[in-house]
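Heads up, the thing below is written out as structure tokens.
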There are 2 protein chains.
Amino acid sequence: MPRAGLDPTAVVAAGAALADEVGIAGLTMGLLAERVGVRTPSLYKHVGGQEDLNRRIAALALSEAADAVGGAVQGYAGRDALVAAARAFRAFVLEHPGRYAATIGLEPSGPDDPLATASERLLDAFTAVLRGYDIAESDVNHALRMLRSLCHGFATLQAAGGFQWSTDIDESFEWLIAFTDRGLRAL
Amino acid sequence: MPRAGLDPTAVVAAGAALADEVGIAGLTMGLLAERVGVRTPSLYKHVGGQEDLNRRIAALALSEAADAVGGAVQGYAGRDALVAAARAFRAFVLEHPGRYAATIGLEPSGPDDPLATASERLLDAFTAVLRGYDIAESDVNHALRMLRSLCHGFATLQAAGGFQWSTDIDESFEWLIAFTDRGLRAL
DNA sequence: AGCTTTTAGCTAACGACGTTAGCCAGAGCT
DNA sequence: AGCTCTGGCTAACGTCGTTAGCTAAAAGCT
């Protein structure tokens, strides 16, 4: 019986890809094992179990999201940066709904939890956007939370099919970004 | 063996309450059966299964949320209405995180699905808030989606423990409402 | 009241899934 | 070559959702 040459990284990557296809709820150990060409129990040589797998997928997702947002913002400031960041974030969630869904409802276990550091990196990317506006120090955290709530809420609602009427969703998103930009500049 | 006197409504109500206690993921048929004083298979006399139960809990949650928001808005307009609606919505989600979580990722099966009507009622309540502002007809849907994204995003992030730093969360929420109010009035 | 029909509860059983235990062979090192 | 480590396997168990089929309580009818 030839070896499959797996390691934790490969398993997590495959799990994330599978989650994007079948949804985080449909991600089963058996399905993942089949996908990577191995029997179910063998997965436990690489990840601690389903909860551990979920956490690792979430950390990967947040890290990738941070890269996407951070990269998109490069070279822009103010409104352009906000637009780029918001679009990049939403695009990421829509392209990878499963792995992003894995991030919901998880608490980092400690300061050196990969989940915490990835989450911080994503926040830092958004913080960089806010630096392009004239925001009082005391307002930065509030603005950051608002930005995060907006992006998270919009993206997850759309990914879940939560917007029902026919009004164009992309248009709504651009409208929402413009609205936020005006508000931030008026601070 | 005396009867327990259950009906679908009672089962769904108990399920929603249980979901608030143990989380939607921890809501198991066995646990619910024990809670209502019956063996697991008996639940299937009242609900079609776990998915059906989930949908019914979601419909209940949306209906209750619509009542809460609609009631809170009564007699207010403009900023006061926005504040009342947003607070009522967030309070509902924080008090009933489990049943609200049941609403995520569900698509109504048709126009007479209770889920659809409840969802519409909630949207109507927020639409009423927007009527207190001077918003162009073409912008109403965008503004509605923004409001929904904001409330949904903020409430779910907080319910999931997603805000890490020490800045006061209530304060952030009030800041966010004020920000939105200013933006809406500037339209 | 007595008879019939419906139905809400039960036990038994199955299938899917996550997980653990324990074995074995391939890969790498000395 | 031989030793060790490790990544794969099979077997088995527990939990959970679900279905089938039985029975007794309730409800309806005459």
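Numbered from 1 within each chain, the chains take letters A, B, ... in sequence-line order.
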Arg39(B) and Glu34(B): CA distance, side-chain angles, deciding distance, salt bridge (charged side-chain N to carboxylate O under 4.0 Å, His left out) verdict:
CA-CA 7 Å; Arg39(B) 301 300 186 128; Glu34(B) 186 183 357; over 6 Å; no
Please give, in whole Å, the distance from dT23(D) P to Lys45(B) NZ?
14 Å
Does dG9(C) have its OP1 or OP2 closer than 4.0 Å to a side-chain nitrogen or oxygen of His46(B)?
yes
Protein-nucleotide distance (Asn54(A), atom CG; dT19(C), atom P), rounded to Å
11 Å
Using a distance-only criterion (donor-acceptor N/O pair, under 3.5 Å, no hydrogens), is the base of dA25(D) paired with the side chain of Arg3(B)?
yes
Between Phe163(B) and Arg145(A), is there a cation-pi geometry (under 6.0 Å to ring centre, at most 45° from the normal)?
yes
Expressed as a whole number of angstroms, how long is the span from Leu43(A):CG to dC9(D):C1'?
13 Å
Scan nucleotides 13-20 of chain D nucleotide by nucleotide, 5' to 3', and note B when protein non-hydrogen atoms come under 4.0 Å of the base, S if they reach only the sugar-phosphate, - if neither.
---SSBB-
Under 4.5 Å between any side-chain heavy atoms of Ile104(B) and His152(B), yes or no?
yes
Considering non-hydrogen atoms only, spot the tightest contact between Val129(A) and Ala81(A) and give its length.
CG2-O, 4.0 Å
Any Ser42(B) side-chain N or O less than 4.0 Å from OP1/OP2 of dA8(C)
no
In whole Å, what is the span from the CG atom of Asp7(A) to the P atom of dA27(C)?
16 Å
Might you work through the ring pair (Phe, Tyr, Trp, His ring centres under 6.0 Å) test for His96(A) and Phe92(A), ending with a clear yes or no?
CA-CA 6 Å; His96(A) 303 289; Phe92(A) 177 80; 5.0 Å; yes
Is it possible for you to check whether Arg148(B) lies under 6.0 Å from the centre of the six-membered ring of Phe126(B), through NZ or CZ, and within 45° of that ring's axis?
no
